[in-house]
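Working notes, beginning with the structure itself.
Quick note: residue numbers are just sequence positions, from 1.
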Amino acid sequence: MFRIWGKLFRENRMLGDMVYENNDPSLNRTKKVFAGLHEFCNVFDLQEPIWLDKNIEEFKKIDKTRFYQDNFIETIEFDYLEIHVIEEDSYY
């Protein structure tokens with residue numbers, strides 16, 4: 001099972017969160033991350049953020065990244081959206 005946690009923050013307080021789960025073995029990890037981000041944006045009523053180089057590098061290193069105002073075209077009403085992989089698929 002693959003699970004990713006999405007959280008919205010403003011002034012160091014969590015405004016909302018959700019966990020996205022994906023059990024589809026035909027999808028690779030990247031597609032699961034993008035599907036989770038898409039689901040978070042639908043639930044939180046946001047446009048999808050733009051992945052900057054710093055987000056890609058951070059996500060590769062620690063499986064977590066934050067999307068700030070510079071990742072969005074429209075003005076956001078929160079400080080950042082954080083995504084964090086909390087469970088990876090296990091293959092035996």
Do other residues, nucleotides or ligands put more than 12 heavy atoms under 6.0 Å from [X] [atom1]?
X   : atom1 : value
N23 : CG    : yes
I73 : CD1   : no
K54 : NZ    : yes

With a cut-off of 3.5 Å and sequence neighbours excluded, list every side-chain donor-acceptor pair involving residues 40-49.
from	atom 1	to	atom 2	distance (Å)
N42	ND2	H38	NE2	3.2
E48	OE2	H38	ND1	2.4

Write down the atom of E58, the atom of K64, and the distance for their closest heavy-atom approach.
CG-O, 3.2 Å
Where is the tightest heavy-atom contact between K32 and L27, given as atom of each residue plus distance?
CE-O, 3.3 Å
Hphob cluster co-occupancy, L37 + I86, side-chain heavy atoms under 4.5 angstrom:
no
Verify the cluster assignment for M18 and M14: are they in a single hydrophobic cluster under the rule of side-chain heavy atoms below 4.5 Å apart?
no
Rounded to the nearest 0.5 Å, what separates atom [atom1] in [X] from atom [atom2] in [Y]?
X   : Y   : atom1 : atom2 : result
L52 : D70 : CG    : CG    : 5.5 Å
N22 : R3  : CG    : CZ    : 12.5 Å
R29 : E88 : CZ    : CD    : 4.0 Å
Y68 : E82 : OH    : CD    : 8.0 Å
K61 : T65 : NZ    : OG1   : 11.5 Å

Derivation of the side chain to side chain contact (heavy atoms under 4.5 Å, CB included) call for E87 and E21:
CA-CA 9 Å; E87 185 176 348; E21 295 181 1; over 6 Å; no
Please walk me through it: do E11 and D79 pass side chain to side chain contact (heavy atoms under 4.5 Å, CB included)?
CA-CA 7 Å; E11 297 176 357; D79 294 334; 4.3 Å; yes
Using a 3.5 Å distance criterion without hydrogens, assess whether the side chain of [X] forms a donor-acceptor pair with backbone atoms of [Y].
X   : Y   : value
N55 : R66 : yes
Q69 : I76 : yes
R10 : E77 : yes

Are side-chain heavy atoms of [X] and [Y] found at a separation under 4.5 Å?
X   : Y   : answer
F59 : V33 : yes
V19 : I4  : no
K7  : L81 : no
I50 : F67 : no

Suppose we screen for ring pair (Phe, Tyr, Trp, His ring centres under 6.0 Å). Which residues come up paired with F78, at least two apart in sequence or across chains?
F72
Mind checking whether Y80 and F9 have parallel, tilted or perpendicular rings, split at 30° and 60°?
parallel
Ring centroid separation Y20 to W5 under 6.0 Å
no
